[in-house]
Amino acid sequence: MLQIPVIRQNPEIVKERLAHKYFKQPELIDELLLWDDKRKQLQTERDNLQSEVNKASKEIGMLMAKGNIDAANMLKQNVATWKEAMNNTALDEAAAKVQAILYQLPNLPAADVPTGRTPEENEVVRTFGDIPHLMTGALCHWDILKNYALADLELGTKITGSGFPVYTGQGAKFQRALIQYFLDFNTAAGYKEFIPPFMVNTDSAFGTGQLPDKEGQMYYASADDLYLIPTAEVPVTNIYRDVIVKPEQLPIKMTAWSPCFRREAGSYGKDVRGFNRVHQFEKVEIIQITHPENSYDVLQQMVEHVEALIQSLGLPYRILKLCGGDMGFASAITYDFEVYSAAQQRWLEVSSVSNFETFQSNRMKCRFKDDAGKMQLVHTLNGSSLALPRIYAAILENYQQQDGIHLPAVLHPYFGSTIIK
RNA sequence: GGAGACUUGUCCGAGUGGUUGAAGGAGCACGCCUGGAAAGUGUGUAUAUGGGAAACUGUAUCGAGGGUUCGAAUCCCUCAGUCUCCGCCA
């Protein structure tokens, strides 16, 4: 959520920045400021009346104590008039209007976010690694899953519905090995491990920016008014909702494994085959809460961290800096990581690392007291480190040989074998 | 799921309708004292928001939301949470 004082200072710059995200209603900025002016004016009027009421009430108390009932009753009549004047809904309406507009405004993209509207306009920051030459007859992961009985998508469809894979036997163990490896890699870099709840309440979903407006992307348990998490980012970041942190605690580094549930309504076709897009997948997330001055250094550090993890798996990858039009609602800047699947001959997104600056912390009211004693919002960042099914798929596809999947060395101790046969 | 007790500031804890944003204590910060420390002692110590250059000041906040009243931390209602006992359960 944007901060009104920031908008007020530079409404034109805010509009210009929003244009980079192809925000369609720049006029909302002016409307917002008008409503906020109105809100302030009405608030002041109401406060002044309340002040009169408070003063009179004290006086009434003293008059009553002295037994001066008549004078007290006179004052009571005044109070009744003031309360009459306070009894109008214009203030509530103005405040609601301000809030409604504020909720619709996405975060401003950072200065160096590339201009562009579609994924094709994302900027390739760098590409790394050699694309493997696969054996003749190399298969895509959905066939490999079947041949080695690693996962059963049809079975998941029977039990739940399409997009809910069942991992079986060594396929399940391989998933577990990846999770374990990722978590160890993250904790070794100083991230504290959490296992959060996999359902969140509306306050939490609001805090990280899933609500309002994105209800449709989350599974919702109406009987209890809870949402299945689309990512561990939601519960873990919300650990610090309504918290005033001590500056010396920063940066706070957290990591968590979780299943992720995404409705992903309206996606069909071969791009979503196999593991490419599913409704339930697992992911290990890294999250940092930082001093505003450091967040861009931390962003680089997180990018390098994810990069090192992908490199350790020996997968060819590229890093994209998303253009304004392709970025998420809450993000100020996002780097996407894609690994290359040689069998599918396409890039698969496996991580997304973002700086949200104060967008989430303003919603969550996560602050610290700076050296001058002033409350300031922290910056929040997060990234996948890593998302499972596509990494899983890329390993199967890129490492397949006649006799099985020859796993990258870092996974051997976790999987307890060098090969999936 | 049933019954009961409870929910006050960083923490402990007083407070059952009238200068209570909230006693007292602890903690913390700064000062005095000290050769240094401890002890002692003085002052300060919430958040949001409006006005103001600032000093300062208006308003709101005692789990949340509503109500009664001239006036609510205190009375009433609803909800949430915590604890204890019972039930159920991996």
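Here is how names work: the chains are called A, B, and so on, in the same order as the sequence lines, proteins then strands, and each is numbered from 1.
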What integer number of Å spans the [atom1] atoms of [N] and [M]?
| N | M | atom1 | value |
| --- | --- | --- | --- |
| B/A3 | B/G9 | C1' | 33 Å |
| B/A46 | B/G21 | P | 15 Å |
| B/G1 | B/C12 | C1' | 35 Å |
| B/A29 | B/A37 | P | 14 Å |

Could you give the [atom1]-to-[atom2] distance, from [X] to [N], as a whole number of Å?
| X | N | atom1 | atom2 | result |
| --- | --- | --- | --- | --- |
| A/Asp37 | B/G50 | CG | C1' | 13 Å |
| A/Gln50 | B/U49 | CD | C1' | 15 Å |
| A/Asn54 | B/G71 | CG | P | 9 Å |
| A/Met62 | B/G71 | CE | C1' | 13 Å |
| A/Asp92 | B/U59 | CG | C1' | 15 Å |
| A/Arg39 | B/A60 | CZ | P | 16 Å |
| A/Leu49 | B/C70 | CG | P | 17 Å |
| A/Leu42 | B/U49 | CG | P | 18 Å |

Regarding [X] and [Y], does a basic nitrogen lie under 4.0 Å from an acidic carboxylate oxygen?
| X | Y | value |
| --- | --- | --- |
| A/Arg8 | A/Asp36 | yes |
| A/Asp112 | A/Lys321 | yes |
| A/Lys283 | A/Glu285 | yes |

Looking only at heavy atoms, what is the nearest atom pair of [X] and [Y], with distance?
| X | Y | value |
| --- | --- | --- |
| A/Ala56 | A/Trp82 | CB-CZ3, 3.8 Å |
| A/Arg39 | A/Leu91 | O-CD1, 3.6 Å |
| A/Thr115 | A/Tyr22 | CG2-OH, 4.5 Å |

Quick tally for nucleotides 63-69 of chain B: nucleotides whose base has a protein heavy atom under 4.0 Å get B, sugar-phosphate-only ones S, the rest -, giving -------
Under 3.5 Å donor-acceptor pairs involving side-chain atoms of residues 14-21 of chain A, not counting sequence neighbours:
| unit_1 | atom_1 | unit_2 | atom_2 | d |
| --- | --- | --- | --- | --- |
| A/Lys15 | NZ | A/Glu12 | OE2 | 3.2 |
| A/Lys15 | NZ | A/Asp30 | OD1 | 3.2 |
| A/Lys15 | NZ | A/Asp30 | OD2 | 2.9 |
| A/Glu16 | OE2 | A/His20 | NE2 | 3.1 |
| A/Arg17 | NH1 | A/Pro109 | O | 2.9 |
| A/Arg17 | NH1 | A/Ala110 | O | 2.9 |
| A/Arg17 | NH2 | A/His20 | NE2 | 3.0 |
| A/Lys21 | NZ | A/Asn107 | O | 3.1 |
| A/Lys21 | NZ | A/Gly328 | O | 2.7 |
| A/Lys21 | NZ | A/Phe329 | O | 3.3 |
| A/Lys21 | NZ | A/Ser331 | O | 2.8 |

Does the A/Arg262 side chain pair with the main chain of A/Pro230, one donor and one acceptor, at a distance under 3.5 Å?
-> yes
A/Arg390 side chain vs A/Glu349 backbone, donor-acceptor pair below 3.5 Å | yes
Please work out if A/Gln43 contacts a base, only the sugar-phosphate, or nothing of the nucleic acid, heavy-atom cut-off 4.0 Å.
->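 Here A/Gln43 touches no strand at all.
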Verify the neighbour count for atom [atom1] of [X]: are there more than 12 heavy atoms of other residues, nucleotides or ligands below 6.0 Å?
| X | atom1 | result |
| --- | --- | --- |
| A/Met375 | CE | yes |
| A/Leu34 | CG | yes |
| A/Glu27 | CD | yes |

Let me have RNA chain B in dot-bracket notation, would you? Count Watson-Crick plus G-U wobble pairs, both distances under 3.5 Å, and use [ ] for pairs crossing earlier ones and | for inter-strand partners.
-> ((((((((.[[[..)..(.....]]]((((((.......))))))((((((....)))))).[[[[[..)....]]]]])))))))....
Near RNA chain B, which residues from residues 199-210 of chain A have a heavy atom under 4.0 Å away?
->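 Those residues whose heavy atoms fall under 4.0 Å from RNA chain B, taken from residues 199-210 of chain A, amount to none.
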Derivation of the ring-ring contact (aromatic ring centres under 6.0 Å, His included) call for A/Phe164 and A/His279 | CA-CA 6 Å; A/Phe164 290 89; A/His279 289 306; 5.7 Å; yes
5' priority, RNA chain B, between A/Glu52 and A/Val79 [closest heavy atom] |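 Nearest nucleotide further toward 5': that of A/Glu52.
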Map A/Ala56 and A/Thr44 onto RNA chain B by nearest heavy atom, then report which one ends up closer to the 5' terminus.
-> A/Thr44
Tell me, please, which residues at least two apart from A/Thr202 pass side-chain contact (heavy atoms from CB on, under 4.5 Å).
-> A/Leu211, A/Asp225, A/Tyr227
With respect to the phosphate group of B/U59, does any side-chain polar atom (N or O) of A/Ser51 fall under 4.0 Å of OP1 or OP2?
->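 So the side-chain polar atoms of A/Ser51 do come within 4.0 Å of the phosphate oxygens OP1 or OP2 of B/U59, strictly under.
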Output a table of nitrogen or oxygen pairs between the protein and nucleotides 43-47 of chain B separated by less than 3.5 Å.
| unit_1 | atom_1 | unit_2 | atom_2 | d |
| --- | --- | --- | --- | --- |
| B/U47 | OP1 | A/Lys369 | NZ | 3.0 |
| B/U47 | O3' | A/Arg367 | NH1 | 3.2 |

Does one side chain, of A/Gln77 or A/Asn73, offer a donor that lies under 3.5 Å from an acceptor on the other?
->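 Side-chain D/A pair, A/Gln77 to A/Asn73: absent.
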